[in-house]
There are 2 protein chains.
Amino acid sequence: MGFDDLAAVLRSRGLRLTAPRQLVLESVYRLRHATPDQIHADVSERAAGVNITTVYRTLELLEELQLVTHAHLSHGAPTYHPLGEHQHAHLVCRGCGDVQELPPPMLEGLAEDLRTTRGFRLDIGHVALFGVCGSCGSKEE
Amino acid sequence: MGFDDLAAVLRSRGLRLTAPRQLVLESVYRLRHATPDQIHADVSERAAGVNITTVYRTLELLEELQLVTHAHLSHGAPTYHPLGEHQHAHLVCRGCGDVQELPPPMLEGLAEDLRTTRGFRLDIGHVALFGVCGSCGSKEE
DNA sequence: GTCAGTGCAAATTCTTTGCACGTGT
DNA sequence: ACACGTGCAAAGAATTTGCACTGAC
């Protein structure tokens, strides 16, 4: 998914298929919602010598190729995730930092409201909702 | 609003009322959704010599005093806004960067859903919704 | 063989920290 | 007078840029 396409998408633009690019894409798929730093760490576990600079550049490229997107969760740190069949919004817990994925249907009503009342076209994939998750909520009490 | 309270809130904690603190709070009220940098610029227009460091420290303090909050809009830059009677979510346009305020009632349905289905307590004030606003949408066509 | 891609180091940008001086109470 | 606040300079963290070498095609 988007994954096997890498070579094809690159070729169609006259770009090259390289190890760092495959590794970074793989890590984005594996980690889900990871920061550039976390992705770099994950890549480094499987192949030494890939520079953090390259990770930044590759993420930018993959985003341009529509293979990944990013959203700003938690403390402004951008987190990247695969852009596939399953668009999703993010539910971020302020207590434990956990990120849950939220299926689009739950936002359809709101999206529709915004479209009709303001002409605003909501980008569901970038939505980040902050709050306190169930388990942290009960601990607090 | 929270504004005249500054002196009182500070005093009740044994903290001091100073020019930079008044100026920063004023700018947050005036600018709505401004970054530390923008606030610093605004403050500097009215009084020279206030250091950006002080702006950061003051914002942190005002947040602790519950007079302002921040949310992460657009490119990870934190934007501060007054914390008053009117809680609100944010609607951020990817085209023009404009930030609209969204009254809480529009999110009540969603908040209720999340609470019942997942026990997730949504923090409406921190919600940032990205997308394309009406005027940018029509320009695109 | 070419030129895109990469590593490395340095430059930027944003934010935080340490410290001595100034000032509100 | 006391200790909180501030400015200034320097330290950190995150990200970007310049450049020469390497390697995919």
Side-chain angles (χ1 to χ4, degrees), chain A residues 5-28 33-44 46-65 67-80, chain B residues 5-28 33-44 46-65 67-80:
Chain A
D5 298 338
L6 180 54
V9 176
L10 289 172
R11 205 161 338 117
S12 76
R13 294 229 199 172
L15 302 175
R16 296 169 187 174
L17 177 61
T18 64
R21 287 177 177 173
Q22 296 179 73
L23 289 163
V24 167
L25 183 57
E26 235 173 272
S27 289
V28 171
H33 316 119
T35 62
D37 214 52
Q38 295 171 321
I39 292 168
H40 178 236
D42 188 61
V43 166
S44 297
R46 281 170 297 147
V50 175
N51 198 282
I52 180 84
T53 299
T54 299
V55 172
Y56 278 107
R57 285 191 282 226
T58 301
L59 287 171
E60 194 183 340
L61 174 68
L62 293 178
E63 193 155 20
E64 207 180 305
L65 298 178
L67 295 175
V68 310
T69 356
H70 77 274
H72 294 283
L73 312 181
S74 75
H75 196 86
T79 67
Y80 287 78
Chain B
D5 298 338
L6 180 56
V9 176
L10 288 172
R11 205 163 336 117
S12 77
R13 292 228 198 172
L15 300 175
R16 296 172 186 171
L17 179 62
T18 64
R21 286 176 179 173
Q22 296 178 73
L23 290 163
V24 168
L25 183 57
E26 235 172 273
S27 289
V28 171
H33 316 119
T35 62
D37 213 52
Q38 294 170 322
I39 292 168
H40 178 237
D42 189 62
V43 166
S44 297
R46 280 170 297 147
V50 175
N51 197 285
I52 180 83
T53 299
T54 300
V55 173
Y56 277 106
R57 287 192 281 227
T58 302
L59 287 171
E60 194 183 340
L61 174 68
L62 293 177
E63 193 155 20
E64 207 180 305
L65 298 178
L67 296 174
V68 311
T69 358
H70 77 274
H72 294 283
L73 312 182
S74 74
H75 198 85
T79 67
Y80 287 78

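Naming: A, B, ... by sequence-line order, numbering from 1 per chain. Because only heavy atoms are used, hydrogens play no part in the values below, and waters and symmetry mates are left out as well, while side chains stay in.
Between the C1' atom of dT15(D) and the OH atom of Y80(A) lies a distance of 10 Å, rounded to the nearest Å. To the nearest angstrom, P of dT25(C) lies 17 Å from CZ of R13(B). Between the CG atom of L17(B) and the P atom of dT23(C) there is a distance of 15 Å, given to the nearest Å. Atom pair H72(B):NE2 and dC14(C):P shows a separation of 15 Å (rounding to whole Å applied). One atom, CG of L6(A), and another, P of dA24(D), lie 14 Å apart when rounded to the nearest Å. Protein atom CG of L59(A) is 10 Å distant from nucleotide atom P of dT16(D), rounded to whole Å.
Between the side chain of R16(A) and the base of dC3(C), a donor-acceptor pair under 3.5 Å is found.
Put simply, Y56(A) has a side-chain N or O that comes within less than 4.0 Å of OP1 or OP2 on dT15(D).
With V24(B) as the partner, the side chain to side chain contact (heavy atoms under 4.5 Å, CB included) test is satisfied by one option alone out of D42(B), L61(B), L59(B), V68(B): L59(B).
Over its full length, the helix from dG1(C)-dC25(D) to dT25(C)-dA1(D) turns its helical axis through 30°, comparing axes from the five pairs at each end and rounding to 10°.
Residues passing the side-chain hydrogen bond (donor to acceptor under 3.5 Å, both in side chains) test with Q38(B) are T35(B), sequence neighbours excluded.
For N51(A), counting side-chain heavy atoms from C-beta on, the closest listed nucleotide (dC8(D), dT25(C), dC8(C)) is dC8(C). For P20(B), counting side-chain heavy atoms from C-beta on, the closest listed nucleotide (dT6(C), dT6(D), dT17(C)) is dT6(D). The T18(A) side chain lies nearest to dA24(D) when the options are dA24(D), dT15(C), dA9(C). Candidate nucleotides dT15(C), dG5(C), dT25(C) were compared by shortest atom distance to the side chain of P36(B), and dT15(C) ranks first. Taking only side-chain atoms of L15(A), from C-beta outward, the nucleotide of dT6(C), dT25(C), dA4(C) with the closest atom is dA4(C).
Residues T53(A) and R11(B) each lie close to DNA chain C; by heavy-atom proximity, the contact nearer the 5' end of the strand is made by T53(A). Of the two residues near DNA chain D, R57(A) and D37(A), the one whose nearest nucleotide lies more 5' is D37(A). Both T54(B) and E60(A) lie near DNA chain D, and the one whose nearest nucleotide falls closer to the 5' end is T54(B).
Under a cut-off of 6.0 angstrom, the local environment of CD in E60(A) is sparse, with at most 12 non-hydrogen atoms contributed by other residues, nucleotides or ligands.
Between the side chain of T58(A) and the main chain of T54(A), a donor-acceptor pair closer than 3.5 Å is present.
We find the CG-OH distance between L25(B) and Y80(B) to be 13.5 Å, quoted to the nearest 0.5 Å. Atom CG in D5(B) sits 11.0 Å away from atom CG in L65(B) (nearest 0.5 Å).
A salt bridge between R21(A) and E26(A) is absent, with no side-chain N of the basic residue lying under 4.0 Å from a carboxylate O of the acidic one.
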